Amino acid sequence: MESAIANAAGRPADAGQEGLIDLTVGDVAHGGWCVARQPDGRVVFVRHALPGERVRARVTGTTAKFARAEAVEIVQASPDRVEPPCPHAQPGGCGGCDWQHASLEAQRRLKADVIMHQLRRIAGLDREVTVEPLAGDDEGLGWRTRIRFSVSPDGAAGLLRHRSHEVVEVGDCPVAHPLVRPADITGQRWEQTASVEVVVSPGSGERALIVTPEGKSPASGAARPAVPPASRTGAILAGRADTILVNGPGGRIGVLRGRGYLRQSAAGRTWRVAAATFWQVHPGAADALTTAVLDALRPGDGDVALDLFCGAGLFAGALAEAVGPQGAVIGVEGDRWAVRDARHNLRDWPWARVHHGDVASTLARLGGPGAGRAVLDPPRTGAGRSLIEHLLRPPDVAAGRSASLLRRVAYVSCDPATLARDIAVFAGSGWKLEALRAFDAFPMTHHVECVATLAPV
């Protein structure tokens, strides 16, 4: 396929337009980019391109070492190129999707290439990786169960341009789950509002809105209206959701309607999850990851297991069933709302306990619970060296401290770079990467979910 694609203004790029550069596109890079080089050898990270293509690109930013650009004309297209299902997935458009111009099969190959490159570059490992689709994901659309819509100064709700705070009025969003109903949000004016986040549960059919009034971030503690103006926003909210929450000063969440949580389905059970806390956004992700974690850890009756960054207790619950009342599960989570939900969700397994606090300091305070298995599901920044070294600490006879009893770790990660970094830390402590599974939990984007199985050498 050889054609021009729309430029930032929605017009075909003019081959003679000033400021465009001709590039031959190379390998994929982490973050939704491909790598190209100018004739002088300068590296250019290009969006809206695919490996092997010849493109004309507009430079959008430069540093001392590289430039960033968007492909505004495809001179010679890759056979993997397809027509994006969303008209806003183009240069200068919405920044939410990175790979709508690639077939789903190609997207998964690109993500696998990124994972393999990060493992090789950061951890020194050569390993073949396959990115697996999730159940029911035939087209890569209609999966996203949580979307945050930003609001422009004139009250229009939409999504942000790539690397920008400018709001794009997208109208609808093809990756949104049908329950999200984007037009309910983008078809209204949201005065004195900074953002509106929609969270849904496909299992229960429940829907929640989280409204952030305009002003500084709630975490700053700055004064702000307690709720959006009722005369303008109340009619919009009415009948739109089972649960409505508002961000307040100091990061406090106020519940205007409903219970403040949704009932999510996974692993054969129903889980209470606060609307403002983490839950996998793809409907098939929680089941797939739970199965992968259990396969990695192989828990048995009487085992002791850790669930670090345990969220609402999904993995802890699965582990509690596996180890039985003769075993124990210790969860640690820093989000107070998630801890409350986890304790509620684990009430049928009294041998599973959840502690609130920073994971590293809480684990140090517990003094080593004698766990033989652990699952780590950290945020994008990863677990980090200090936590991993504490988990795998060697014996210290003088201090009366025994060696770690850990024999298997399942590391769940949404960032291949920090995953590779932490795998290298495990390797430095005498552990090996035994297995790695990757899941396409975020189709059309560059994001990917991995489960690494780690064990002593």
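Values below: every heavy atom of this structure, side chains too, minus hydrogens, waters and symmetry copies. Because the structure is predicted, anything quoted here is derived from the model rather than measured.
Contact check for Leu209 versus Val198: side-chain heavy atoms found under the 4.5 Å cut-off. Side-chain atoms of Val323 and Arg373, non-hydrogen and from C-beta on, never get closer than 4.5 Å to each other. Under the 4.5 Å side-chain criterion, counting only non-hydrogen atoms from C-beta, Thr381 is not in contact with Thr418. By the 4.5 Å heavy-atom criterion applied to side chains, Val44 and Phe66 are not counted as neighbours. For the pair Val199 and Ile210, the minimum side-chain heavy-atom distance is below 4.5 Å. For the pair Cys173 and Ile147, the minimum side-chain heavy-atom distance is below 4.5 Å. Within the 4.5 Å cutoff, side-chain heavy atoms of Asp184 are placed close to those of Arg207. No side-chain heavy atom of Thr186 sits under 4.5 Å from any side-chain heavy atom of Glu169.
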Using the rule given for side chain to side chain donor-acceptor pair (under 3.5 Å), can you reason through Arg148 versus Ser150, listing the C-alpha separation, both sets of side-chain angles and the distance that settles it, and then say yes or no? CA-CA 6 Å; Arg148 180 180 179 273; Ser150 296; 3.3 Å; yes
Given the rule in the side chain to side chain contact (heavy atoms under 4.5 Å, CB included) test, do Lys111 and Val114 qualify, once you have shown the distances and angles that lead to the verdict? CA-CA 5 Å; Lys111 295 178 186 186; Val114 167; 5.6 Å; no
I'd like to know whether Leu363 forms a side chain to side chain contact (heavy atoms under 4.5 Å, CB included) with Leu306, so could you lay out the CA-CA distance, the side-chain angles of the two residues, the decisive distance to 0.1 Å, and finally the verdict. CA-CA 10 Å; Leu363 200 61; Leu306 292 172; 4.1 Å; yes
Residue pair Arg189, Asp154: steps toward the salt bridge (charged side-chain N to carboxylate O under 4.0 Å, His left out) verdict: CA-CA 8 Å; Arg189 290 289 163 178; Asp154 65 356; 3.5 Å; yes
Hey, mind stepping through Phe426 and Ile388 against side chain to side chain contact (heavy atoms under 4.5 Å, CB included) and telling me if it holds? CA-CA 7 Å; Phe426 274 94; Ile388 294 170; 3.7 Å; yes
Verdict with supporting geometry, Leu50 and Leu110, side chain to side chain contact (heavy atoms under 4.5 Å, CB included): CA-CA 9 Å; Leu50 293 173; Leu110 294 172; 4.0 Å; yes
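Distance check: Asp98 CG to His162 NE2 gives 7.0 Å after rounding to the nearest 0.5 Å. Taken from CD in Gln192 to CD in Glu214, the straight-line distance is 5.0 Å, to the nearest 0.5 Å. Rounded to the nearest 0.5 Å, atoms CG (Leu387) and CG (Leu376) are 6.0 Å apart. Considering OG1 of Thr212 and CG of Asn247, their distance stands at 3.5 Å, rounded to 0.5 Å. Between the CZ atom of Arg68 and the CH2 atom of Trp33 there is a distance of 5.5 Å, given to the nearest 0.5 Å. The structure places SG of Cys97 at 11.5 Å from NE2 of His88, a figure rounded to the nearest 0.5 Å.
For Arg336, the CZ atom counts as loosely surrounded, since its 6.0 Å shell holds 12 or fewer non-hydrogen atoms of other residues, nucleotides or ligands. Applying the 6.0 Å contact sphere to CG of Asp172 captures more than 12 heavy atoms from other residues, nucleotides or ligands. For Gln38, the CD atom is densely surrounded, since the number of other residues' heavy atoms within 6.0 Å is greater than 12. Around atom CZ of Arg421, more than 12 heavy atoms belonging to other residues, nucleotides or ligands sit under 6.0 Å away.
A side-chain donor from one of His282 and Asp137 sits under 3.5 Å from a side-chain acceptor of the other.
With hydrogens and angles disregarded, no donor-acceptor distance shorter than 3.5 Å links the side chain of Gln100 to the backbone of Ala89. Panel note: side chain Glu70, backbone Arg58; no donor-acceptor pair is recorded below 3.5 Å. Side-chain N or O atoms of Thr193 include one that pairs as donor or acceptor with a backbone N or O of Glu191 at under 3.5 Å. The main-chain N or O of Ile185 is found under 3.5 Å from a side-chain atom of Trp190 such that the two form a donor-acceptor pair. With Asp80 contributing its side chain and Ala106 its backbone, the two residues share no donor-acceptor pair below 3.5 Å. With Tyr411 contributing its side chain and Ala383 its backbone, the two residues share a donor-acceptor pair below 3.5 Å. Asp22 places no side-chain N or O within donor-acceptor distance of the main-chain N or O of Arg56, the cut-off being under 3.5 Å. Put simply, the side chain of Arg385 never gets that close to the backbone of Val425: no donor and acceptor are under 3.5 Å apart. Formation of a donor-acceptor pair under 3.5 Å by the Asp287 side chain with backbone atoms of Ala267 is found in this model. Arg343 contributes a side-chain N or O that, together with a main-chain N or O of Val354, makes up a donor-acceptor pair within less than 3.5 Å.
The minimum heavy-atom distance between His165 and Leu160, with the atom names listed, is O-CD2, 3.5 Å. Contact record, Met444 with Leu141: CE-CD2, 3.9 Å, taken as the closest heavy-atom pair. In terms of heavy atoms, Glu449 sits closest to Cys414 at OE1-CB, 3.6 Å. Closest of all the heavy-atom pairs between Ala322 and Pro299 is CB-CG, 3.6 Å. Contact detail for Ala67 and Val59: the closest heavy-atom pair is CB-CG1, 4.4 Å. Between Val339 and Glu333, the shortest heavy-atom contact is CG2-O, 3.5 Å.
No option in Val281, Val175, Leu134 other than Val281 meets the side chain to side chain contact (heavy atoms under 4.5 Å, CB included) test with Phe442.
A salt bridge (Lys or Arg N to Asp or Glu O under 4.0 Å) check over residues 261-278, counting only residues at least two apart or in different chains, returns the pairs Glu206-Arg263, Arg269-Asp348, Arg272-Asp341.
Using a 30° and 60° split on the angle between ring planes, Trp271 and Trp279 fall in the tilted class, from 30° to 60°.
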